[in-house]
Number of protein chains: 2
Amino acid sequence: MAGQQLDSKSEQTKALVLETALRMFRSKGFAKTTMRAIATEAGVSLGSAYYYFASKDELVLELYRESVAEQRAAASKALDGVSGLSDRLKVALRAGVDALTPYHGFGGTFISSALPPQSATNPFGEASSQAREDAVGIFSEVIDGAKVPQFLRAELPELLWLAYMGVVLFWVYDRSENQRRTRTLIDGAAPLIAKLIAFSRLPVVKPLVEEALALKAKVRS
Amino acid sequence: MAGQQLDSKSEQTKALVLETALRMFRSKGFAKTTMRAIATEAGVSLGSAYYYFASKDELVLELYRESVAEQRAAASKALDGVSGLSDRLKVALRAGVDALTPYHGFGGTFISSALPPQSATNPFGEASSQAREDAVGIFSEVIDGAKVPQFLRAELPELLWLAYMGVVLFWVYDRSENQRRTRTLIDGAAPLIAKLIAFSRLPVVKPLVEEALALKAKVRS
DNA sequence: TCCAAAAGTTGAACGTGTTCAAAAGTCGTG
DNA sequence: CACGACTTTTGAACACGTTCAACTTTTGGA
């Protein structure tokens, strides 16, 4: 009768399963949320859930994508009006871990399904290339508003993203309340990295950095 | 009749299960080796295997320990007669990934059970502290035979171990034949790190390094 | 309208890691 | 030997992720 929704029934069901899964992941953690429970809670059969998502990991991949989008949005907003590489970096890194905070409880299971090379969620892999580009984009934004040496500019977003991956790894293991240690790390590392980048122009340092960049290119394949 | 073995029956059974498991892990990979298959192959019941090893992960932990011991032994031997920080570092890193080579096939499953914070195998965790000390010790050996700035000396083994963890992470994802790219990385990174350490004495660089060390201490807890 | 092909749905079944109560073996002591 | 406390062994049972053949619903063209 009424205008048909643009979303087909199928898309609605898929979205329903996904939403249910993400909600349950957040509230009970990844390991404790079973596919059966997701299906039951969403009001579909187990097989139906698998019709839309080939594996439990694939649902985590969606969680990862969503989280990266949040991170990027939060970082963009937070970067507004902030100047200076150190502060911009700090803001972006903070926005990143802030967006991750709800998932810290199951960081272990998260990383264990996110890191394996053959996993769909693996941040270096094919399936998540979109999300990775998004994440690297955050750091493009960071340096767009800052003064950085020209010879580094092209490589910096990826390098900073790599540093961010390191921060995330640290965060996963951070057992301090509210991940205080990770925030300490960010606040300390941001100015350090900024200084390092500034120094990379200096005659003593520049050859070293150039050598590192050459190695990075050489190793890439 | 003959003199009784020192190992009690219990210890023999435990060793038998472990050896069987490691052999099967190596030949068929971690995921494809089931606990039932291990038990059957070892001639014990499934429950018995679990009597000695609380989980499949615990068996991997043994694999990890064994591998670290191999790495250390290989590195020690290889370091003999090699001088210069760059070469010593290169030799140690190469020995490290060489010892890991047999496991590259199931690097994915390895890392996915090795990295989660609550996992027994997690290299930063409690259960593997012995293995970690062993691994850090390799890099103590590396710098024992080399000239390094005094103010860095105490922190270097752990920092180099951290760099090594990065290399291992790269190695896990390295799909090139024979992990050629990882070896390229090692050969390029070793002299770079050595130069970086040498440069850390310079007036421009030293404050930066000291700041980094201070941050490391601050973040530690 | 009708029908065949496609899309979606179902729950039983498989193989897995893990648990556990019960049975069997071992050992020191009277 | 006998007995009790222990260590060790066993395999059935559980919950899980995943697969699949059968079933039902939707779709689009004649």
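Note on naming: letters A, B, ... go to the chains in the order of the sequence lines (proteins, then strands), and numbering restarts at 1 for each one. Hydrogens, waters and symmetry mates play no part in the numbers below; they use all other heavy atoms, side chains included.
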Looking at [options], which one has an atom nearest to any side-chain atom of [X]?
X: Tyr52(A); options: dG11(D), dT16(C), dT9(C); answer: dT9(C)
X: Leu46(A); options: dT10(C), dA12(C), dT16(C); answer: dA12(C)
X: Lys56(A); options: dT18(D), dT9(D), dT10(C); answer: dT18(D)
X: Tyr51(A); options: dG17(C), dT9(C), dT8(D); answer: dT9(C)
X: Ser45(B); options: dC16(D), dT9(D), dG17(C); answer: dT9(D)
X: Tyr50(B); options: dT9(D), dA12(C), dG17(C); answer: dG17(C)

| query | Taking the six-membered ring of Phe25(A), is the NZ or CZ of Lys32(A) close enough (under 6.0 Å from the centre) and on axis enough (within 45°)? | reply | no
| message | Regarding Arg88(B) and Glu141(B), does a basic nitrogen lie under 4.0 Å from an acidic carboxylate oxygen? | response | no
Starting at [atom1] of [X] and ending at [atom2] of [N], how long is that distance when rounded to a whole Å?
X: Met24(A); N: dC16(D); atom1: CE; atom2: P; answer: 11 Å
X: Gln12(A); N: dG8(C); atom1: CD; atom2: P; answer: 12 Å
X: Glu58(B); N: dT19(C); atom1: CD; atom2: P; answer: 11 Å
X: Lys9(B); N: dA24(C); atom1: NZ; atom2: P; answer: 16 Å
X: Lys32(A); N: dT18(C); atom1: NZ; atom2: C1'; answer: 16 Å
X: Ile38(A); N: dG11(C); atom1: CD1; atom2: P; answer: 17 Å
X: Phe53(A); N: dG8(C); atom1: CZ; atom2: P; answer: 13 Å
X: Leu16(B); N: dT9(D); atom1: CG; atom2: C1'; answer: 14 Å

| message | As an exercise, state the distance from CH2 of Trp161(B) to CG of Asp134(B), rounded to the nearest 0.5 Å. | response | 12.0 Å
| Looking at Thr13(B), does any N or O in its side chain come under 4.0 Å of the phosphate oxygens OP1/OP2 on dT9(D)? | yes
| query | If only side-chain N and O atoms of Ser48(A) are considered, is one of them under 4.0 Å from the OP1 or OP2 phosphate oxygen of dG8(C)? | reply | no
| Do Tyr164(B) and Gln71(B) have a side chain donor and acceptor closer than 3.5 Å? | yes
| field | Check: Arg36(B) side chain, dG15(C) base, donor-acceptor under 3.5 Å | value | no
| message | Both Ala54(B) and Thr34(B) contact DNA chain C. Which one's nearest nucleotide lies toward the 5' end? | response | Thr34(B)
| said: Quick check on salt bridge (charged side-chain N to carboxylate O under 4.0 Å, His left out): which of Lys90(A), Arg183(A), Lys77(A) does Asp98(A) satisfy it with? | reply: Arg183(A)
